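Structure first, commentary second.
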Amino acid sequence: MATQPIDDFCAKIKPSTKSAVGSASKETTAARKRIFEAAYPEAGKTDALRGIANAIKGQDLAANVRRAAESLERNGVKVLFAADAMEAKEQIAEIFKAEGVKNAVKVKSMTTEEIGLNSFLQSLGTDIVETDLGELIIQIEGEGPSHIVKPAMHRKRDDIAASFERHHVADSYDDNPQHITLNARKYLRKKFLAADAVITGANYVLAKEGAIALITNEGNARFSMAGAKIHIAIAGFEKVIPSAKELAVFLNLLARSATGQHSTVYTDFVSGPGSAKNSPQKMYFIFLDNGRSDILGSEFAEILKCMRCGACMNRCPVFRLISGHAYRATYPGPLGIVLSPLLAGERFCEYADLPKACTLCGACAEVCPAKIPLPDLVLKMRDLAKTKHCKVPNDINFAPFSFLATRPKLWRALVPLNRLANFLPLGAVKFGPLGRWLKTRTLPSFRGGLFRKWFKNG
Amino acid sequence: MFNPPQDRVIGKRVNFMATCLCDAIFDDAAKAAVEVLRHFGAEVVLPKDQTCCGQPAFNSGDFASARKVLKSAFRAFSENDWPIVVPSASCAAMLFHSSKIAFRNESESERAEVDAFASRVWEFCDYLKNCLGVEKIGGSFSARIAVHNSCHSRGTPTPEALRSLLLSIEGVELVEFEGYDDCCGFGGTFSVVMPNISSELGLAKVNAISAAAPDIITAPDTSCLLHQKGIADKNGIDYPVMHAAQIFRDALKNGGLL
């Protein structure tokens with residue numbers, strides 16, 4: 001029997017991972033629901049706001065990106081465009097070389113995960129440290145994030161405490177959550193002070209104002225600006241919105257959707273290099289394409305409206321069960337099964353199994369703050385995989401089915417014969433789709449095939 | 001999410017689309033649906049050339065096969081322009097929502113045909129309540145019932161119609177259970193493409209529903225129930241399932257109305 005990587009992952013997943021991801025994602029979904037009901041008790045209001053967010057993100061993106069670049073430059077930001085991951089990494093390496101950056105800190109950014117920035121910079125001898133607690137937890141273990149908002153969602157407290165001790169973030173084992181945080185704080189403080197540069201993403205880029213918005217809970221974005229002399233921000237160009245006015249819509253949706261908070265603890269705006277001595281003297285902004293232009297011009301453009309809140313994965317029955325690492329890509333869950341294969345470009349077929357990891361239940365679309373029709377996009381992805389002739393394990397050949405289902409006379413003749421299956425030892429089949437069905441399920445006690453006869457006589 | 005078209009064709013003369021599952025396996029659900037429709041005044045015809053809605057191929061990404069099967073369905077139901085009633089939320093959503101995706105890149109005339117067909121399609125409970133205007137099934141059926149919301153009824157009038165029609169029957173008590181709007185992991189071909197994930201989700205659903213100790217588990221679909229029942233049997237869990245139409249029919253019979 002051909003193996004299906006995602007499905008195999010589900011069978012082998014550690015029980016502790018499963019319970020950590022299952023309970024955290026369910027709790028976050030429940031928190032999201034509660035906070036929206038509290039914020040907008042009027043029926044339909046949350047839905048209307050989601051519709052507005054979708055419409056704003058649907059405005060002329062190319063024009064807004066051009067305007068954002070001009071505004072940023074006007075504010076003293078050096079603006080760069082990177083066609084792909086490698087170009088973005090080289091641009092950052094060049095800046096580091098020119099500015100003599102040896103130590104850098106990073107503020108949680110999925111875009112930098114997407115381009116594989118950390119390992120690249122480390123290979124050049126740069127010390128780059130994640131300052132978000134969740135990111136730090138996975139960085140010291142050499143793992144990637146398993147969730148776009150809660151990167152260490154798959155980890156349990158005792159395991160984090162042991163890891164902190166092993167990697168000298170803490171002096172000894174201590175699994176008190178507050179102490180874990182304090183140990184990280186102590187460890188990171190030295191890193192913050194030693195940093196020559198800070199790398200951030202951008203939750204939103206305001207085209208009119210030429211500013212970026214950084215939305216965090218830990219204050220690490222703000223704190224990292226105090227020591228570093230260089231600030232490099234990088235984001236996919238779809239993060240551009242027209243102006244601060246539209247930002248109000250997104251700020252009302254993002255934290256509520258992501259973590260069930262009315263707003264995060266910190267909402268920082270950076271509009272160019274600082275004038276004060278204790279702030280970055282130089283700021284760079286990199287607009288990353290990395291396949292996005294192609295997506296924008298395709299029938300998958302809606303996926304670029306994503307604001308990376310993670311609500312879809314928190315709500316997804318499959319994600320809850322298998323965790324983010326099952327998806328083998330930066331972006332997991334309903335978002336990821338659409339976006340990851342598209343971002344893979346030439347290597348699309350390597351990820352063509354991801355869109356199959358979806359029951360098409362539609363729950364994600366109900367919580368998406370940008371109202372992205374995720375199940376429809378998933379189906380179109382399956383169509384694309386088929387037209388590209390990707391080989392996907394466990395795929396079923398539908399030629400025999402469509403042959404029968406388009407020949408009504410033959411179909412009519414065969415349906416009553418289905419009763420014969422009552423006398424066949426079908427339960428013993430061990431291979432193919434039926435074998436996979438029977439491994440965990442019984443077949444119904446067949447009675448079928450006589451409805452039409454009944455109708456005619458009845 | 002799977003919202004039906006705004007202006008749907010209405011009328012008391014209807015085509016019944018049995019669905020391939022009821023046609024081949026679950027006769028009684030289809031019979032019950034027809035008996036209930038007739039009881040409430042519908043004139044039901046069964047176009048003989050019907051086969052399937054094409055969903056198995058469509059959900060697997062084989063849109064070309066799905067289009068062929070859909071076109072066959074368009075032909076099969078072309079003798080009149082009456083509503084088409086389907087005892088399955090999933091097949092109904094395929095016919096009024098997903099068909100448009102399958103044909104999105106086809107000619108304008110084909111897309112017009114898809115739209116026209118889509119506007120005729122009604123899920124069985126939705127049709128009873130919102131087209132025939134049935135408020136009360138009547139009769140009696142003494143049972144604690146757990147309702148599984150078929151995921152393809154998300155965003156449609158079906159869940160509300162199903163619940164209110166069940167509650168209109170004397171003796172029916174609906175039981176609540178955890179994760180009532182979570183998927184059971186069936187997902188059509190998903191069940192055999194991702195068998196581990198599907199089975200585990202299915203067992204979680206079966207356990208959640210069983211914990212509420214219902215007498216009957218119902219849904220507007222036989223497919224989700226087929227999966228859940230298969231898993232329950234394999235695990236030795238008593239899990240009596242009935243399609244919603246069978247409960248309505250039995251209630252009417254119990255009340256001497258049918």
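So that the names make sense, note that chain A is the first sequence line, chain B the second, and so on, each numbered from 1. In this text the structure is predicted, and so the values were computed from the model without any measurement.
Between chain A and the residues B/F26, B/F186, B/F190, the largest count of heavy-atom pairs under 4.5 Å involves B/F190. Considering only heavy-atom pairs separated by less than 4.5 Å from chain B, the leading option among A/F401, A/F451, A/F9, A/F403 is A/F451. Top candidate by heavy-atom pairs under 4.5 Å with chain A, chosen from B/G54, B/C183, B/C184, is B/C183. Among A/K409, A/K26, A/R315, A/K371, the residue with the largest count of heavy-atom pairs under 4.5 Å with chain B is A/R315. Interface summary for chain A: among B/K71, B/R104, B/H152, the most heavy-atom pairs under 4.5 angstrom belong to B/R104. Counting heavy-atom pairs closer than 4.5 Å to chain B, the top residue among A/L450, A/T359, A/D353 is A/T359. Put simply, of B/S98, B/C151, B/P195, the one with the most heavy-atom pairs under 4.5 Å next to chain A is B/P195. Each of A/D395, A/V318, A/V378 has some count of heavy-atom pairs under 4.5 Å with chain B, and the biggest count is that of A/V318. Contact count versus chain A (heavy atoms, under 4.5 Å) is highest, among B/A232, B/C52, B/G187, B/S191, for B/S191. Most heavy-atom pairs under 4.5 Å with chain A, from the set B/S198, B/A57, B/S72, B/A18: that is B/A57.
Using modelled atom types and a 3.5 Å distance limit, the side chains of A/D376 and B/H97 yield a donor-acceptor pair. Checked by atom type, the side-chain pair B/D221/B/S88 shows a donor-acceptor distance below 3.5 Å. Using a 3.5 Å distance cut-off with no hydrogens or angles, the side chains of B/T189 and B/S60 do pair a donor with an acceptor.
Using a 4.5 Å cut-off between heavy atoms, A/A405 touches chain B through backbone and side chain atoms alike. When heavy atoms are compared at a cutoff of 4.5 Å, B/V241 does not approach chain A at all. Both the backbone and the side chain of A/L379 have a heavy atom closer than 4.5 Å to some heavy atom of chain B. Of the two parts of B/Q228, neither the backbone nor the side chain holds a non-hydrogen atom closer than 4.5 Å to a non-hydrogen atom of chain A. Within the 4.5 angstrom heavy-atom criterion, no atom of A/L443 approaches chain B. Only the side chain of A/L321 comes within less than 4.5 Å of a heavy atom of chain B; its backbone N, CA, C and O stay farther away. Within the 4.5 angstrom heavy-atom criterion, only side-chain atoms of A/K18, from C-beta onward, approach chain B. When heavy atoms are compared at a cutoff of 4.5 Å, B/F16 approaches chain A solely by way of its side chain, counted from C-beta outward. The contact between A/W437 and chain B is made by backbone and side chain atoms together, counting heavy-atom distances below 4.5 Å. With a 4.5 Å cut-off on non-hydrogen atoms, A/N418 touches chain B through its side chain but not through its backbone. Contact of B/V34 with chain A is made through the side chain alone, with heavy-atom distances under 4.5 Å.
Ion pairing between a basic and an acidic side chain is recognised when a charged N comes within 4.0 Å of a carboxylate O; B/K229 and B/D233 show such pairing. Comment: B/D27 does not engage A/K453 in a salt bridge, judged by the lack of any side-chain N to carboxylate O separation of less than 4.0 angstrom. A salt bridge is defined here as a Lys NZ or Arg NE, NH1 or NH2 lying under 4.0 Å from an Asp or Glu carboxylate O, and A/K33 with A/E366 fails to meet this definition. A salt bridge links A/R452 with B/D23: at least one charged nitrogen is closer than 4.0 Å to a carboxylate oxygen. Between A/K356 and A/D7, none of the side-chain N atoms (NZ, or NE/NH1/NH2) sits under 4.0 Å from a carboxylate O, so this pair counts as no salt bridge. With respect to the salt-bridge test (charged N to carboxylate O, under 4.0 angstrom), the residues A/R34 and A/E37 do not qualify.
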Worksheet item: Where do B/D28 and B/R249 land on the salt bridge (charged side-chain N to carboxylate O under 4.0 Å, His left out) test, with the steps shown first?
Response: CA-CA 10 Å; B/D28 192 58; B/R249 189 257 329 260; 2.7 Å; yes
Discussion item. Working note: A/L438 + A/V429, criterion side chain to side chain contact (heavy atoms under 4.5 Å, CB included); need CA distance, chi angles, decisive distance, verdict.
Written reply: CA-CA 8 Å; A/L438 287 166; A/V429 174; 4.3 Å; yes
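In this structure, A/K380 is not positioned above the aromatic face of A/F300 in the sense of NZ or CZ being under 6.0 Å from the six-membered ring centre and within 45° of the axis.
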